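Below is one structure, written out as structure tokens; comments come after it.
The figures that follow rest on heavy atoms only: side chains count, while hydrogens, waters and symmetry mates do not. Here the structure is a predicted model, which means the values were calculated and not measured.
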Amino acid sequence: MTEFREKADVCVIGAGHAGCEAALACARIGLQTVIFTVNIESIAMMPCNPHIGGSSKGHLVREIDALGGEMGKNIDKTFLQSKMLNKSKGPAVHSLRCQADKAEYSRSMRMILESQENLTIKQTEVCELLFDEKNVNDNKDILRKKKIVGVKILTGGIYECNAVILCTGTYLNARCLCGEAITYTGPNGMQSSTHLSEALEKAGIRLRRFKTGTPARMDRRSIDFSRMEEQFGDERVIPFSFETDPEDVQIKQESCYLTYTNEETHDIIRANLDRSPLYAGVIEGTGPRYCPSIEDKVVKFSDKNRHQVFIEPEGRYTNEMYVDGMSSSLPEDVQLAMYRTVPGLENCKIVRNAYAIEYDCIDPGQLELTLEFKHIKGLFSAGQFNGSSGYEEAAAQGLMAGINAVREIQGKEQIILDRSQAYIGVLIDDLVTKENTEPYRMMTSRAEYRLLLRQDNADLRLRKIGYEAGLITKEQYEYVCEKEKQIEKEVARLKKTVVGASKAVQEFLISRGSAPLRTGTSLAEILCRPEFTYDSIKEIDQDRPVLSDAVIEQVNISIKYEGYIERQIRQVEQFKKLEKRIIPKNICYENISGLRIEARQKLAKHMPLSIGQASRIQGVSPADISVLLVYIEQMKRQSDSE
């Protein structure tokens, strides 16, 4: 029998949010790419919450867009409601969040993939990875034991390639649990992938078991919205993508609704905990701490007599409503009973039951910061398969894995975003460096330099990197360079433009509840006052240029937060010093006598690239870092003398 064979540059396994970004990045840069999915209908599927963005996650979407990814553009085309979160707080934590039309989001992304040059979609299950196990070690890859050369699909066909990106999400050996009922399927009843886990373990890849959950979907017609608080979107919508015309997103928005659980709800849950797979010991996987099931909330937060529940539309052309805040794995009869205690849901009808899903994923400590496996050349991994949770975290990893797979093949230096450059850098560094025992979720509190890593300046921070990667056009890059010049020029003008204590100026200040001037003051100093914005001082600024809203926003922030920003820049400079202290790849931690045993073991396991990364490994103390610095200096002196 003739064996089916195809050739490609990159094979992407999985077409969820990570897989889509990875495949598009590879194809757009010019490499022949094949993306595999067990079901084409699952491309960019949103099996759980119907929104993109949110606190910190909105930052990730903006960064994906700034680098040349697709998620921001796609949600701008398919959202139902948009809201800027945390507007009462500082700009560092402002985060955009959009309710998505789930079917339209998936359909639109599929069309983008189908239209992309150099990209082929293949519906099949990948069951095996193919390696060249000859010696691939060299100065650059001293730790690599084998090299990826292709994949084998279930029908026996072989795709030869130079790089593979694993983006299997929650599909590997997946099983869904609803009370005593267990189905061996992926999310939304999709076919699971049952063959690849064994092949990965044979390749020396450590797997573990995680779980996540999703709430029920209700029939809109069975819900009494009059008993709930209506939640509206922003009056003026701000797009996610820097390329989207703001006028294109001023649409008629759908409402969401807020209601609450109560003691009756909680009593029903407590009375049936023995029927919950989570508490009956049936579920083996570890669930997400920051997105607990309603059973977990009731047990762990027993002092609270109610929990928020948001009722959100799943799409413009469906009656399904998502019950955000009440994910569960309880049996169907218990689900219906507990949901019907919630105000507005007394007569609800369940369209899809809530369920928990267990799946195989990896310990991401096996990865480089480039998302390439440490011991396998050309094999990359991204998304929930890396132990993260969330569409946005997955897409961000997929984009970076795609970029680095291309650069690996092209022999170019791979791109690593550090913690001072992007939320994506924080996300990947946390996954690879820290010991995560549960699904990882991005939060603003994880970013040490969040005042610099705002969502509003993602293009200023990352456009150049996207341009160097080949995903941003010259025109797009030049546009952001011009924007940066305009910001700098206007900030400088405001600092040097002085207004005197004239009668007109004093009356202006007093009329707005601001203290009058005692001497000449710059416009920048007046703008620093909390009662003023750039627009509100127009009356005393006669010579201002015409600027875009995006430039004005940056000018406002640059002047009002100048002192805080400068202090954080100094902190970043100290951080960079440690990141630049590279650890030799041929170092043997067992030979460093001054290191504690735990530190030796952790450093040998993670093989950090730099002193900075080593200092963030759990179990490595500042004293261990001092010993390591001395040892590396001794190695350098010995090498120089030889």
Side-chain angles (χ1 to χ4, degrees), residues 136-145 364-380 400-401 403-405 407-408 410-422 424-435 448-449 461-462 464-465 468-469 569-596 598-642:
V136 296
N137 292 353
D138 53 33
N139 290 333
K140 183 183 175 185
D141 290 301
I142 198 162
L143 298 175
R144 302 283 197 264
K145 300 295 189 296
Q366 299 166 94
L367 303 173
E368 303 276 12
L369 289 170
T370 60
L371 297 180
E372 185 176 18
F373 278 88
K374 291 174 179 175
H375 68 292
I376 303 174
K377 186 177 176 67
L379 182 61
F380 294 78
M400 296 310 300
I403 289 171
N404 283 324
R407 295 180 79 83
E408 167 85 14
Q410 293 177 339
K412 295 179 180 178
E413 184 178 356
Q414 293 179 312
I415 293 174
I416 296 173
L417 299 175
D418 68 40
R419 302 181 73 89
S420 69
Q421 288 177 293
I424 294 175
V426 175
L427 163 67
I428 294 175
D429 186 66
D430 279 353
L431 281 172
V432 171
T433 305
K434 298 181 179 179
E435 296 187 359
E448 303 92 324
Y449 312 112
R461 291 185 280 117
L462 300 174
K464 183 179 180 181
I465 295 172
E468 291 171 351
I569 288 172
R570 290 194 294 271
Q571 292 171 346
V572 168
E573 287 169 356
Q574 294 301 312
F575 162 80
K576 292 279 190 184
K577 289 179 182 178
L578 291 178
E579 297 303 301
K580 289 177 180 176
R581 298 293 298 271
I582 303 301
I583 299 174
K585 281 201 168 185
N586 60 348
I587 194 169
C588 179
Y589 293 105
E590 289 300 319
N591 294 339
I592 308 177
S593 57
L595 281 180
R596 295 175 306 112
E598 182 186 10
R600 289 184 204 173
Q601 293 172 343
K602 294 293 178 66
L603 289 165
K605 175 185 176 183
H606 289 278
M607 295 303 294
L609 293 178
S610 66
I611 292 295
Q613 188 186 3
S615 69
R616 294 189 292 276
I617 296 173
Q618 186 177 341
V620 178
S621 70
D624 295 320
I625 295 298
S626 297
V627 171
L628 184 57
L629 282 166
V630 171
Y631 184 81
I632 291 172
E633 186 61 30
Q634 290 173 345
M635 284 181 68
K636 185 177 182 298
R637 288 176 185 170
Q638 183 178 348
S639 177
D640 290 345
S641 65
E642 291 174 353

How would you list, by chain and number, every residue that makes a salt bridge (Lys or Arg N to Asp or Glu O under 4.0 Å) with Arg637, sequence neighbours excluded?
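Arg637 satisfies salt bridge (Lys or Arg N to Asp or Glu O under 4.0 Å) with Glu633 only.
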
Residues forming a side chain to side chain donor-acceptor pair (under 3.5 Å) with [X], sequence neighbours excluded:
X: Ser621; result: Asp624
X: Glu573; result: none
X: Lys636; result: Asp640
X: Glu448; result: Arg419

Taking distance alone, no hydrogens or angles, what donor-acceptor pairs closer than 3.5 Å link side-chain atoms of residues 606-618 to residues at least two apart or in another chain?
| residue | atom | partner | partner atom | Å |
| --- | --- | --- | --- | --- |
| His606 | ND1 | Val432 | O | 3.3 |
| Ser610 | OG | Gly612 | N | 3.4 |
| Ser610 | OG | Gln613 | N | 3.1 |
| Gln613 | OE1 | Leu609 | N | 2.8 |
| Gln613 | NE2 | Thr433 | OG1 | 3.0 |
| Ser615 | OG | Gly612 | O | 2.6 |
| Arg616 | NE | Asp429 | OD2 | 2.6 |
| Arg616 | NH1 | Glu579 | OE2 | 2.9 |
| Arg616 | NH1 | Gly612 | O | 3.1 |
| Arg616 | NH2 | Asp429 | OD1 | 3.0 |
| Arg616 | NH2 | Asp429 | OD2 | 3.3 |

How many angstroms lie between [atom1] in [X] and [atom2] in [Y], if you round to the nearest 0.5 Å?
X: Leu371; Y: Leu431; atom1: CG; atom2: CG; answer: 8.0 Å
X: Ile587; Y: Leu603; atom1: CD1; atom2: CG; answer: 8.0 Å
X: Leu417; Y: Ile403; atom1: CG; atom2: CD1; answer: 8.0 Å
X: Ile428; Y: Met400; atom1: CD1; atom2: CE; answer: 5.5 Å
X: Ile625; Y: Ile632; atom1: CD1; atom2: CD1; answer: 8.5 Å
X: Ile582; Y: Lys580; atom1: CD1; atom2: NZ; answer: 10.0 Å

Val620 and Lys602: which non-hydrogen atoms are nearest, and at how many Å?
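Closest approach of Val620 to Lys602, heavy atoms only: CG2-CB, 4.3 Å.
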
Taking all non-hydrogen atoms of both residues, which atom of Gln421 and which atom of Ile416 are closest, and how far apart?
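It is OE1-O, 3.6 Å.
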
ring-ring contact (aromatic ring centres under 6.0 Å, His included) with Tyr449: which residues, sequence neighbours excluded?
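Phe575.
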
Using the test side chain to side chain contact (heavy atoms under 4.5 Å, CB included), find all partners of [X] that sit at least two apart in sequence or belong to another chain.
X: Ala405; result: Ala163, Ile165, Phe380
X: Lys577; result: Gln574
X: Val630; result: Gln634
X: Glu468; result: Lys464

Could you check whether any side-chain N or O of [X] sits under 3.5 Å from a backbone N or O of [Y], counting only pairs where one atom can act as donor and the other as acceptor?
X: Asp418; Y: Gly425; answer: no
X: Arg407; Y: Lys412; answer: no
X: Glu368; Y: Lys374; answer: no
X: Gln638; Y: Met635; answer: no

